[in-house]
Structure formats: structure tokens, C-alpha cells
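Here's the structure we're looking at; comments come further down.
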Amino acid sequence: MANDFLFSDEPEQPAEKVNQGYWKVIIVDDEPEVHAVTKLALSDFEFQDKKLKFISAYSGKEAQEIIVQHPDAAIVLLDVVMETDDAGLKVAQFIREVAHNHHARIILRTGQPGQAPERQVIVNYDINDYKSKTELTAQKLFTVVMSSLRSYRDILSIEKSRLGLERIIIASRDLFSAHSMDNFIHGVMQQLTSILGTVDEALYATSLVASNPDDVESNLIVFAGQGDFEKSEGKPIDEVLSIEQLQACNLALSQRSIVYKDNYLFAYCSSRCNHNSMLYVSGIPKQLNATHKHLIEIFAQNVQVAFENVQLQSEIEDTQREIVYRLSEAVEQRSEETGNHVKRVSLISYELACDYGLSEADAEILKHAAPLHDIGKIGIADTILHKPDTLDENEWKIMQTHATKGHEILKNSRRSIIQAGAILAQDHHEKWDGSGYPEGKSGEQIHVYGRIVALADVYDALRHKRCYKAAWPIEKVLDELTLQKGRHFEPKLVEIFIENIAKYEHILKIYPDK
């Protein structure tokens, strides 16, 4: 019988806890014993699977330096009397008014309550609790730290929600542009963080193109990331996830559902366009209630709807630009010698606009409008177009009408690119000295778009063979541009063009005539 008790079963090994990080607590006190006792009393403290990390300061000056170094500190246990009678009060004032840290919970501790009356301190200083060292037993210290951490957690949650809403509101002004979509997704990731209370990392990945919905292969590209995934944008998802995470991701894809693991989840985002998209979030609470899961489901679908709206808008814009190019090429391809001319003029105009100092937005508009500069030639006979240097007076008058015709074709559009095309059609044959057509404008009367495209167009034409002339060598072209500075072209533009000629020559090499 006694032998039954000789060997008992070995106790089961407790499951190893996952390290979820820690809460920073700054102890400010000039007595080393206070630091030691505080750390001992709170040594086994844990809140939301996070332990405490203590940071010590022994004077008001040192405390200010540490507070600046650790803006993410959750609690400051602050002694009042240190090198001066009000050193702690000055630190409290520094935290709120100089460091502008309104998140940290300040617990004032004093051994001499009479020197800093509680009522006066509470009213005059933005602190969160006031305790006498004699009353702050281990149990009461535990209680005040726990309540302070709960407040700190809620403040962070509210702040993350505010930041997320702010980014979404900013993005909503132009939600259908690629840049604002990036802001939108980062914003809703922060919203999800506020919903769950704590999130360490997150990413949103998509296949970007329509695919077979039954294909469970991920083929996903990271579109936006947070935490460790912040620098993973544009990478295949199988390059940034572990094997275990990738298995969970593929399971969510195959089941078209949300897969929850110990501290992370993968949420499949349903699509109207058969895009495979996935939301990954780690650092989530172990126990998610039904409300949390429902919000995550709604969140995942809303992100996908927004993303697809952007994709649709982008496709519409790309189609519009493609139509512009095709229409412009139809004009140029009446001559077999002008293949790629519109592409070169477009790219050269963009680069020259940037070099000249136009904004990125204006340069982009010019790039897409540049192919329309000769749209009025649609109504001009080939016999006139193919001999510009040998036209008689009547034919020259007919040739000049294409500028006005192009303007008339495009002028009533409300689209910025088409409006810019109307300007180009009318102004790109005007000359700086006023000798151009159709209106004889001079100097800055000519729209800057017209001045830029005129230079790009002539440069490209001189550098390529035509039925009526041979291609000019670059040296001869540069001499001609210099000669025409102040006559045909704006002097500043010519100088900028010659200074950056290598860039424009490179464009000619990339897109030679067909």
C-alpha cells in the first residue's frame, strides 16, 4: 500500500506563455529603497499577458530625460520631494506641458503630504492619483497600477481610433486615387486595432488581378503593412509569412472564411471581381467575443469593396488614356515614319515639365495630354502633311488650320487631360517671338504646356528621319535649339533642355521609330 505513494505522476508542464510585450513603468524617487520595494511588490504583476518593465530615475532632471526617451511609458510613479521640495510637481508639469505626453498615467507619491496638499495638487497639476507612501501597501499599489493600466489601455484605444478615423476622412476626399487608397487601408487597419484593443502587426494582401476563385494558391502581393510588414509592400506574401502562417492563409483562402490562431487571424475578403484578398492581424486578444468577430468580418468586406472601387476607377482612367494614345497614333500613323513619336513627345514633355519646375500633378496631366497636340491634323490631306517644307501659300493656310480645328474638337470637355489637349492643339505652334500661329501669341502669352510640347515636338522631329528630310545628328539639333532660343522657344526652357539632354536622348533610344 505504501508503495502506491512512492512514485506519483509527474506534474504536467505548464504551457509556455507567449510573450506579448510589457508595460513600461517609470519610478521617480531619490530613495533607492523605494525603487527596490516597488519592483518587489509588483514583480509578479501581469495585465493582458504583459508584465511590467521598470525604468528608474533618481532626480527630477533625470526623470525628464527618461520621459523624453520613453514616450510610450504607461505609468509614472512620481515622488514629490527630491532635490527640491517641488521637484516631482515640476516633473508632472514637464510631462504634460513640455513633453506633451497626455497618455501616461501619473501617480504622485509623497512621504510628506503636508508640503504638497492633495486638494491643491489635484487641482493645479494634471495627475491621475495622489498617494501617501505610508498608505501605499503592496495590495493598494497593485490596485492603483491595475486601474491605471486599464485607463492607459483605453486611452490608447481611443487614440488609435481617432488616428484611424482621421486618415480615413483625409483619404475620403480622393478615395479613388491610388495614393489615398494606401492611406485608407492603413487607416482602417488602425480602426481594427481600436476594435480589438491590441494589435501588433497587420497586412492587407491582394492578387491585384482577377483570378479563379477556386484556386487556393495564394499568389498574393502585400499591398499595405503595419509593424514588421511596413517594409513588405509589393512582395509576394509567401516571402513574408512563416510556413505556419502561410498554411493558415491558404486555409482561409480555400474556405473563404476567417481563420483564428493563438494570437493572429487571417480574414478572407470576398470579391465581386474574383480578386483573392487577405487580411492578416497578429497580437489579437486570446478570447474574442462574438461582437469582435462580427466587426472583423464586416471590416474585411468593406476594405475589399473600397479596394475594388479604386481598381475600377484606375481602370477607367487607364482606358481614357489609352483612347487618347490610340487616337493620337491614328493621326501619326498616316505616315509610316512617325511610329512612337507621340510616346516620345509625351515622355519628353513630362521630364521637361518636371525639370522646368511644374508640379508632379501638372506634369502628369501634360504627359497624358501631349499626344493630342496634333489631333486637328485628322482633317488635313496626306498630300499636305507629307511635304511641310514645300507647301504653296494656299496649302500652308490649310496646314495652319489644324491648330484651331484641334482646339475646337477638344475645348468643351470637362476632363483636365482633354482640356490640356485643347490648349496644346492651339498653342504648340506659337513662337516665343510672336511669329507663330494661329494667333501670333508671344512670350508668356503662350501657355507653358504649349511652350514645353513645342520644344519636345521639334526636337523629336529633327532627330528622326522623315520622307522630306534626313535625321539630324544631336550636335546639329543642339545648335539649332540654341539658335532658336528667344525666337521659336522660351530661352529658359532651351537652357534646361540642353542641360538635361542625356535624359531626353535616352527616351529616343527606348522608343525608336518602328
Side-chain angles (χ1 to χ4, degrees), residues 19-30 34-35 38-39 42 45-80 82-83 86-109 121 124-131 141 144-167 170 183 186-187 189-202 225-231 282-283:
N19 181 18
Q20 298 280 6
Y22 45 78
W23 306 100
K24 288 184 181 180
V25 176
I26 298 177
I27 305 173
V28 185
D29 202 296
D30 59 352
V34 172
H35 291 257
T38 302
K39 293 175 183 178
L42 299 172
F45 187 96
E46 191 172 301
F47 175 62
Q48 290 191 334
D49 296 324
K50 293 183 181 181
K51 292 184 175 294
L52 302 181
K53 180 178 181 179
F54 298 101
I55 302 167
S56 292
Y58 297 90
S59 68
K61 182 179 179 181
E62 185 182 0
Q64 291 180 9
E65 293 173 355
I66 288 176
I67 285 159
V68 172
Q69 295 169 5
H70 299 276
D72 57 340
I75 297 174
V76 180
L77 296 171
L78 182 58
D79 187 18
V80 175
M82 291 180 285
E83 65 265 39
D86 62 348
L89 299 179
K90 288 181 178 178
V91 171
Q93 196 170 23
F94 175 87
I95 293 173
R96 303 302 193 210
E97 297 178 9
V98 179
H100 299 291
N101 185 335
H102 300 283
H103 297 163
R105 304 293 84 195
I106 301 175
I107 302 170
L108 212 60
R109 300 194 292 182
V121 169
N124 295 332
Y125 295 89
D126 185 4
I127 64 171
N128 305 105
D129 211 337
Y130 184 101
K131 298 292 182 183
L141 182 60
V144 74
V145 169
M146 178 64 76
S147 62
S148 296
L149 283 180
R150 284 176 176 152
S151 297
Y152 180 75
R153 173 204 60 192
D154 294 342
I155 288 170
L156 289 187
S157 179
I158 293 169
E159 178 64 12
K160 287 177 180 177
S161 178
R162 184 191 67 78
L163 291 174
L165 285 171
E166 184 178 289
R167 296 186 73 170
I170 291 171
N183 289 337
H186 280 293
M189 281 182 172
Q190 286 186 316
Q191 281 297 92
L192 183 59
T193 301
S194 70
I195 291 170
L196 298 178
T198 173
V199 168
D200 294 335
E201 300 170 342
Q226 184 175 294
D228 287 348
F229 297 107
E230 210 164 306
K231 297 181 179 179
S282 72

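A donor-acceptor contact shorter than 3.5 Å is absent between the side chain of E201 and the backbone of F229.
Residues satisfying the side chain to side chain donor-acceptor pair (under 3.5 Å) test with D86, not counting sequence neighbours, are T84. Applying the side chain to side chain contact (heavy atoms under 4.5 Å, CB included) criterion to K53, with sequence neighbours excluded, gives Y22. Remark: T38 engages I27, V34, L42, L77, R109, L141 in a side chain to side chain contact (heavy atoms under 4.5 Å, CB included) (not counting sequence neighbours). Every residue meeting the ring-ring contact (aromatic ring centres under 6.0 Å, His included) condition with F45, not counting sequence neighbours, appears here in chain and number order: F142.
The shortest side-chain heavy-atom distance between L156 and H103 falls under the 4.5 Å cut-off. Residues R105 and D129 are not in side-chain contact: their nearest non-hydrogen atoms beyond the backbone lie 4.5 Å or more apart.
We find the CD1-NZ distance between I127 and K131 to be 11.0 Å, quoted to the nearest 0.5 Å. Rounded to the nearest 0.5 Å, atoms OG (S147) and CD1 (I75) are 8.0 Å apart.
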Per-pair distances, 0.1 Å, donor-acceptor, side chain in residues 87-97, under 3.5 Å, sequence neighbours excluded:
from	atom 1	to	atom 2	distance (Å)
R96	NE	D126	O	3.0
R96	NE	D126	OD2	3.4
R96	NH1	N101	O	2.8
R96	NH1	A104	O	2.9
R96	NH2	A104	O	3.0
R96	NH2	D126	O	3.4
R96	NH2	N128	OD1	3.1

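When all heavy atoms of I67 and A99 are compared, the pair lying nearest together is CG2-CB, 4.3 Å. The minimum heavy-atom distance linking E46 with M146 is given by the pair O-CE, 4.1 Å. The two atoms that bring K39 and S56 nearest to each other are NZ-OG, 3.4 Å, heavy atoms only. Summarising the geometry of A74 relative to L149, their closest heavy-atom pair is CB-CD2, 3.7 Å, with the distance given to 0.1 Å.
Taking the ring centroids of Y58 and H35, they lie under the 6.0 Å cut-off.
The list of salt bridge (charged side-chain N to carboxylate O under 4.0 Å, His left out) pairs with a residue in residues 56-80, not counting sequence neighbours, reads K24-D72, D79-K133.
Between W23 and Y152, the ring planes lie perpendicular to each other; the angle is over 60°, past the 30° to 60° tilted range.
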